[in-house]
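Working notes, structure below.
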Amino acid sequence: MNTRLKRIRQLLFLNSLSSFGAICTFVFLLLAFLEFVTGSRLTPYNPGAPNLANANSIPSLSHPFGTDFQGRDILSRVLSALPVDIGLPLLIVSASAVIGIIVGTVAGYFGGLLEELIMRLTDMFLAFPAFILALAVAATLGPSLVNAVLSLTFVWWPPYVRLVRGNVLSITTQDYFAASKAMNSSFGYILAKGIVPNVLPAVLVYATMDVGTSLLSLSTLGYLGIGVPPSSPELGSMVSSISYNLYTYPWEALFPALIVLLIVAGFSFLGEGIRESLDIKVRPHILIRNKVFSENS
Amino acid sequence: MFSVRAFSIFLLKRVLATLLVLVGVMVIIFLISHVLSHDPARLWAGPRAKPSTVQAVEIRYHLNQPLEEQFIYFITSYLSGHFGIDPVTGRSIAAEIGYYLPNTLELVFAALAMILVFGVGLGYLGAMNFGKRIDTVIRVFYLTSWATPTFLGAILAVLLFSTYLHVFPSGGMYSPTLVPPPRITGIFVLDSLLGGRLQDLSSGLYHLALPAFTLAFLNFGLITRIARSSMLDARWATHVKGALAKGVPENTVRRRHVLRNALIDVDTVGAVMFGWLISGTVVVEQIFAWPGIGQFAYSAVASDNYPALVPIVMVFTLGVVVANFVADVLYSILDPRIALGGAR
């Protein structure tokens, strides 16, 4: 166990990129988790309570990020938004990864007409600009936390199918795969022992970077006023609610937006750092579109 | 190497595949707009519409008919270019999109040009200095730009270059005192150039610079990353070593073998890039008051204007499908083996 912990630590702090990402990600995950389990007791002030006497105050010791047009403490509002802005992307990416592993494995393992059908469908979804499609679905479903997750997952799974299928295709050419089949192992056994453990590293690395990317889309939906409902605090909608004050009180919009940047950068740096150190080939251009030839090229 | 016959067959295959994707795209958009919601008429009429309006909308968009008839109506109206009437402005949505589209194209192509020059340039610089400090700086730079939310980038650009430094205007497409040149292509910069009106041209470019730069800055990361990793792969490839060994000057090798290799990979992500750029216009055009489809999409979302949103999504997607097709054709020209059916 001790050596395993050591290996995880080595992996996370392989280079300066991933070290920064690991620390950043850890801090935000911890804050979001604590905020969630304590039921918003982490915030120094009540994030929803207006205090008009103290509206639009500049950042100070008592209000490090200042207050907004209703006198609400911006730091408290940012903290109270973390469970949504970190939890939802985690949900979206995990759901997409699970779909990708199941559908991609089925396509790569069984091949034939089934594979052709799955991959053509994936291609059609990849033909959409993902954010625009998510916007259409979110506008259709209406604002709620569940709908925000659904609309982004709806457009988020195709790259995972591609990634997993490509990996499964190369696994099926390996000797251990042939040996396992020769011994008449069941599909479930091969899946659990031969395929999933070999596909997982690539999926995890891609997913790490992807948490940040999905937060970008989620907060942009929030900025446009769809997806996350107005009742739940969300960083993107916070920015747009304040942006008419932009020229007089720029920090009110900039602090929440910078927190989005920090979270996304944390996950991206971590994923990119690990990827480069492990030399896992997660080349997004192969994931996203490769219709001319197979993934193995 | 280049065979006209192989290329025509390749082209035909790509056209058919693109048409197939287009059909799939239309089906998906139909399912979202007509089936996904449990009350489509309410959705199309807007949440604050009166019951009588909802009923009128239901009849106008054939939402009360069987699904297969709705689908036929949907497909035929799109194929004949009838996108319906915008309930907010009362004008034809097709005409509105026709007005906004050139403005968006102007912005997107300007950003694309910047990305190709600076994105590939930075990738080249990084790959040639692999492992050195400048390479790390470039990587941190493109990862940070990648991680920047579009609204933050656009807000910062306006605040910094317009409000504080007064270098660029904060919005609009040209100076408000100016009479626009006769409409030829609809793209302002091109029209003023064709009309020979240099003053208009400079005003157009002056207004274009900041939003295009913002859009480019927020999206160049993907290109730089691909160009860098592809040039790193090519740098130590045997054909590059061979060329160096037989005495070809290093700069020539870099240009002909390393850089050209990267262009193939850059083309592969080009269409994805295009999709990101037009997605980015929704926020960038709103913040820069740029009268394009992105801003049209923003106002459609803000005013619950669902009948306008569906055609907008269709046009955006059509743009990406066309970009995919162009990238594929370009690909087979950059790498003729593709059209010949060979593996890479």
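A, B, ... follow the sequence lines: proteins, then strands. Residue 1 opens every chain. The figures here come from the full heavy-atom set of this structure, side chains too, leaving out hydrogens, waters and symmetry mates.
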Exercise for review: Using the side chain to side chain contact (heavy atoms under 4.5 Å, CB included) rule, take A:Glu272 and B:Tyr142 through it: C-alpha gap first, then chi angles, then the decisive distance, then the call.
Suggested key: CA-CA 12 Å; A:Glu272 177 82 0; B:Tyr142 76 67; 3.6 Å; yes

Point to revise | Derivation of the side chain to side chain contact (heavy atoms under 4.5 Å, CB included) call for A:Phe128 and B:Ile29 | key: CA-CA 10 Å; A:Phe128 284 95; B:Ile29 292 184; 3.7 Å; yes

Closest heavy-atom pair and its distance - [X], [Y]:
| X | Y | value |
| --- | --- | --- |
| B:Phe151 | A:Ala257 | CE1-CB, 3.9 Å |
| B:Val301 | A:Leu224 | CG1-O, 3.8 Å |
| B:Ile32 | A:Phe154 | CD1-CE2, 3.8 Å |
| A:Met124 | B:Val25 | O-CG2, 4.2 Å |
| A:Pro129 | B:Gly275 | CB-O, 3.9 Å |
| B:Tyr164 | A:Pro250 | OH-CG, 3.4 Å |

Review point. When rounded to the nearest 0.5 angstrom, what distance separates CD1 in A:Ile132 from CG in B:Leu309?
Key: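 It is 8.5 Å, given to the nearest 0.5 Å.
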
Exercise for review: Examine the side chains of B:Thr150 and A:Tyr223 and answer whether a donor and an acceptor come within less than 3.5 Å of each other.
Suggested key: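 Side chains of B:Thr150 and A:Tyr223: no pair found under 3.5 Å.
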
Review point. Quick one: what part of A:Ser217 sits under 4.5 Å from any heavy atom of chain B, side chain, backbone, both or neither?
Key: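 For A:Ser217, neither part sits under 4.5 Å from chain B.
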
**Study point:** Region of A:Leu121 that comes under 4.5 Å of a non-hydrogen atom in chain B
**Key:** neither

Exercise for review: Answer yes or no: is there a side-chain heavy-atom contact under 4.5 Å between A:Phe20 and B:Val140?
Suggested key: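 Result no, sub-4.5 Å side-chain heavy-atom pair not found.
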
Most heavy-atom pairs under 4.5 angstrom with chain A, which of [options]?
| options | result |
| --- | --- |
| B:Thr144, B:Val310, B:Val321 | B:Thr144 |
| B:Thr136, B:Asp304, B:Val313, B:Val27 | B:Val313 |
| B:Ile312, B:Leu22, B:Val158, B:Val320 | B:Val320 |

Practice item. Walk me through it: do B:Leu152 and A:Val239 pass the test side chain to side chain contact (heavy atoms under 4.5 Å, CB included)? Key: CA-CA 9 Å; B:Leu152 174 63; A:Val239 173; over 6 Å; no

